[in-house]
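What follows is a set of notes on a single structure, which appears directly below.
Computed from a prediction, not measured in an experiment: that's the story for all the values here. For reference, positions follow the sequence shown, starting with 1.
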Amino acid sequence: MARHTIALVPPTPLPPLPTEPRPTPSPLQALITSTLQTSDYDALCVPLTNERWKERWSRLCLRPVDDDVPDGGGGNGNGDAAAEACREHERAVTDREADEWRRDGGLARDELNVSRLEESQAVVALASDWLELDAPDEGIRFDSELALRAEMAQAIYLALPTLVLPAPSLANRAFLPSYARAVANALQMSPGSAQTTISIRIPVSDPIELIGQGPAGPAGPANPAAPGAQAAGAGLGINGAPGQPAEAPANKHKRMSSLSTRPTSMHQNQLSLLLAQGAGVGAGAAAAQAGAAGQMRLASGASAISAVSSAPSVAAGGVRAAQAHGDPSSTWEMWDCIRSMCGYNPRLTVTLDLTNPLPPSVGALARWTAEPVKNVWLPAGSFISNAKGYPVLSKACQAFLRGMTRQNPAFILSDTHLGWHAKGGPAAYIQYVRHITSQQPLPSNISPVGPAEYTHGYGDYLQAPLQPLMDDLPSLTYDVFERDPVKYQQYEEAIVTALADLPTEDLVITVAGAGRGPLVDCVLRALARASRAAAVYAVEKNAAAFTTLQERQALEWGAERVTLVHGDMRTMDVPRQADLLVSELLGSFGDNELAPECLDGAVRFLKPTGISIPTSYTAYLAPVSSSKLHAEATAPSRPAGAAETPYVVMMQQANLLSGDGGGVAGRCGDRVQMCWTFEHPRRDLIVDAAGNPLTNVHNTRSASLTFSIPHAGQLHGLAGYFEAHLYGAVGLSTHPDTHARVSPDMFSWFPLYFPLAHPLYLPSGAELDVAIWRLADGKSRRVWYEWAAEAWLPTAAVAAPPTHTPHAQPGLLAPAAKGAPLMSPMMDAPYSPFVAHAADAHTNGRVKIGQTELHNAGGAKSWVGL
């Protein structure tokens, strides 16, 4: 197993800035060197800046709430006027300094923790945790963005590998696009030369959602009194009575933006209106109350009105959604919004924070296996004590981390010095994590994975499918295929089984597409095991590979045992009809390397009672999410049409979106569904004088599949698999649910990935209709696939909540009746099936929410030549 990077968050305070010139190591560099030499850590995780930077930014960009609270009367008017004049002068000076900083930007040396290039390579840098790129106050948002750009510029200057940003706030979900926009702009800094990546620290779960899925407590479904509820719900208005300000997290500003306090700003009037209408009290009294309590940072602008007024309903709605679908997805959805707005930028990653409990659903947790997780944040508080008092992780967390090791993230340990556990001390945490991450990853449930010495470097690598009829394969490609012993063991077993059903005399066996001869070896071993004799023919069209067959015939097999025939199996003269035809023409989707077309022509080799191995093969399909594969397929460096070309991929950073079961209405199939089957030999074909099919129309196929989507996700493509029936009870399979049983440890074939040019968002409880076609054109002698998808939401999943206006008159704007389905604005045709059957739509109807374009129409972007 490869060694995984583990970083330590050292205790504060950090060492001071250098006091000696280079080459004398800085205090931080000395700490890094000492830690790495005296422990098993590989890096340190430290904030890029210190408290001086926060103090300067706060002084320039924030104002105390009570700065603008008017005097309630009384006191010495002259003294108050003088103090006010002095305060105004100080504010004017500070405002000028603030605008100069906004114009010039930059950090001061004494505001940095990391200041030298020599310190940077063993450091995971943290951006300031007080940055609020999604603050309700737009002034705070804009100034936080300027602060982020200053820190990003410093990180790029120091060639820091990663800058970890604080997570957006669930309480400020309405302003998440502002957060994403700021990140997208930061990624554009020095686009040609910058290597520094941005990693968003995203919690693995939202405790409020988890609480909402569990048993209702004394306070109701969301039970605000439950442990962790207050911390997670801060700012949502759920900690106190309606209308009261919510407690802000400890690291949030308790002041307002200096931009909002200027006399010429329109923010002030809007703020007063907000306080008067939203809180139900006068602006001055409300501000004074909030400032005295020290609980609330005032938001400015009309957007803040909606934030304050909608926060309680958002919290309640989130709990209802979690209860309805059992899919805690709010933190993943935040990440999905950010990376989508950033255009799947390859320099944007996730730091997955395991501070909160893991979601109870395996499917919800599996979403993260399809995301670019750069780091996993493991605080000491996420460990539990074993019977001896040492820190360990729960079994679920162990399994999750072992699965994540396939992506090779760094693990960041924090708070190890706080003494959370009775035994082991700070070193116990890294010893335990090193033990967990050194174990073999759990088997993939999406793609066969072979031995590392054979498959290293193939993970999530897009390979164009072979063109076996147009191109002659090189010896290196044959060599890779021949390294899989399982495949040939299965072939040998199938041949032995078939020999029992074949005549004992004058037996003829033909190997069609012999390559370098591995199937010939299988035939000879099977004959020896069955104590049978046969005339063996090896047919191969690749002239270069034929020389290898000639060498093996001369040195290993003998001309009396194996007869070599050079030519195309579809057109060459048949030397002698066979009792058994053995071929190895399967592709990752079963038929994608033209096995049907080849074997249609080779059926001329068989006697009327002859047997083909394989006897049949079936293609399967499943919806898949993989941000990495999507980014690879749509990369600007790829040629036009790359996003409409199927690829062979050993999928690692991917997740199947579908679930077993019928979905809400029972109309959905299995999580991996059958598309079509080909059987051989076919005796019903219309053939020409040479015995070849007149057309290839009989090999066209189509399939319409419906999948249940239990957990929200982005659909990035379709994963294609196959099962092959060789003979008897022997087969080959890449199907995720059967490959371990049918052909365990086989790795000759990886799934075939059908990409989508644009992702399709699927909410939890959705249904996905997939259409796929296998088409052929006799004139151009080509075969290709076309595919498309549609997303639907069953009406039972979007039923309107109970109305609170029972006397409202029916109309376009009237609330829907209790239990009635919400109709799509697109479903207004007078003869729409949805409208015609509105009475039973609650159980059987569904609303269309999205679709893809038709991919590879007419085979214009990708095809396989005959």
Side-chain angles (χ1 to χ4, degrees), residues 3-15 28 31-32 34-36 38-47 113 122-127 129 162 164-167 199-207 210 226-232 234 249-251 331 350-359 365 368 373-405 409-439:
R3 176 184 171 93
H4 296 277
T5 299
I6 301 180
L8 171 69
V9 179
T12 54
L14 291 174
L28 177 60
L31 175 64
I32 295 171
S34 173
T35 302
L36 270 54
T38 59
S39 70
D40 202 22
Y41 286 102
D42 304 295
L44 290 188
C45 180
V46 299
N113 287 326
V123 162
V124 178
L126 302 175
D129 60 3
T162 302
V164 180
L165 270 58
S199 192
I200 311 294
R201 185 172 167 181
I202 300 290
V204 72
S205 68
D206 172 22
L210 301 185
Q230 291 189 1
N251 67 332
T331 59
V350 174
T351 292
L352 192 59
D353 189 345
L354 302 192
T355 300
N356 296 337
L358 296 183
L365 196 57
W368 295 108
V373 177
K374 178 76 171 179
N375 307 299
V376 176
W377 189 280
L378 274 172
S382 63
F383 290 74
I384 58 178
S385 296
N386 64 9
K388 296 182 179 180
Y390 288 91
V392 296
L393 294 169
S394 67
K395 290 185 177 180
C397 194
Q398 293 178 43
F400 177 64
L401 292 187
R402 287 179 61 190
M404 293 301 295
T405 56
F411 297 88
I412 301 175
L413 294 176
S414 65
D415 302 332
T416 58
H417 62 288
L418 295 182
W420 282 86
H421 300 87
K423 297 288 185 65
Y429 299 97
I430 185 173
Q431 292 170 1
Y432 183 80
V433 173
R434 189 69 74 188
H435 166 70
I436 293 297
T437 57
S438 64
Q439 299 179 24

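Atom CG in Asn375 sits 11.0 Å away from atom CG in Leu378 (nearest 0.5 Å). One finds the CG atom of Leu44 at 11.0 Å from the CD1 atom of Ile412 (value rounded to the nearest 0.5 Å). Expressed to the nearest 0.5 Å, how far CG of Leu31 lies from CG of Leu36 amounts to 9.5 Å. To the nearest 0.5 Å, atoms SG (Cys397) and CG (Leu358) are separated by 5.0 Å. Between the OG1 atom of Thr5 and the CZ atom of Phe411 there is a distance of 9.5 Å, given to the nearest 0.5 Å. For the atom pair OG (Ser199) and CG (Leu126), the distance works out to 10.0 Å, reported to the nearest 0.5 Å.
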Inset, instruction - Carefully, step by step, assess Gln431 and His435 under the rule side chain to side chain donor-acceptor pair (under 3.5 Å). - result: CA-CA 6 Å; Gln431 292 170 1; His435 166 70; over 6 Å; no
Inset, instruction - Decide side chain to side chain contact (heavy atoms under 4.5 Å, CB included) for Thr416 and Leu8; before the verdict, give the C-alpha distance in whole Å, the side-chain angles of both, and the deciding distance to 0.1 Å. - result: CA-CA 8 Å; Thr416 58; Leu8 171 69; 3.5 Å; yes
Legend entry - side chain to side chain contact (heavy atoms under 4.5 Å, CB included) between Phe400 and Leu352, intermediate numbers included: CA-CA 12 Å; Phe400 177 64; Leu352 192 59; 3.5 Å; yes
Inset, instruction - List the steps and the verdict of side chain to side chain contact (heavy atoms under 4.5 Å, CB included) for Thr405 and Leu401. - result: CA-CA 6 Å; Thr405 56; Leu401 292 187; 5.6 Å; no
Inset, instruction - Apply side chain to side chain contact (heavy atoms under 4.5 Å, CB included) to Phe383 and Tyr429, showing your working. - result: CA-CA 9 Å; Phe383 290 74; Tyr429 299 97; 3.9 Å; yes
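Taking all atoms of both residues into account, the shortest heavy-atom contact from Met404 to Trp368 is CE-O, 4.1 Å. The minimum heavy-atom distance between Lys423 and Pro391, with the atom names listed, is O-CD, 3.5 Å. The shortest heavy-atom contact between Trp420 and Ala380 is CD1-CB, 3.6 Å. Residues Trp377 and Cys45 share a closest heavy-atom pair of CZ3-SG, 3.9 Å. Taking all atoms of both residues into account, the shortest heavy-atom contact from Leu28 to Asn113 is CD2-O, 3.3 Å. Residues Pro47 and Leu14 approach most closely at CD-CD1, 3.8 Å, considering heavy atoms.
Side-chain atoms of Asp415 do not come within 3.5 Å of backbone N or O of Pro379 as any donor-acceptor pair. For Tyr432 (side chain) and Leu393 (main-chain N/O), a donor-acceptor pair under 3.5 Å exists by modelled atom type. No donor-acceptor pair closer than 3.5 Å links the side chain of Arg434 to the backbone N or O of Tyr41. Side-chain atoms of Ser39 come within 3.5 Å of backbone atoms of Thr35 as a donor-acceptor pair (strictly under, hydrogens ignored). At least one donor-acceptor pair under 3.5 Å links the side chain of Thr331 to the backbone N or O of Pro203.
Inter-residue side-chain proximity for Asp40 and Ile6 is flagged as unmet; no heavy-atom pair is nearer than 4.5 Å.
Checked against Arg201 for a side chain to side chain donor-acceptor pair (under 3.5 Å), the options Asp353, Thr351, Thr355 give a single hit: Asp353.
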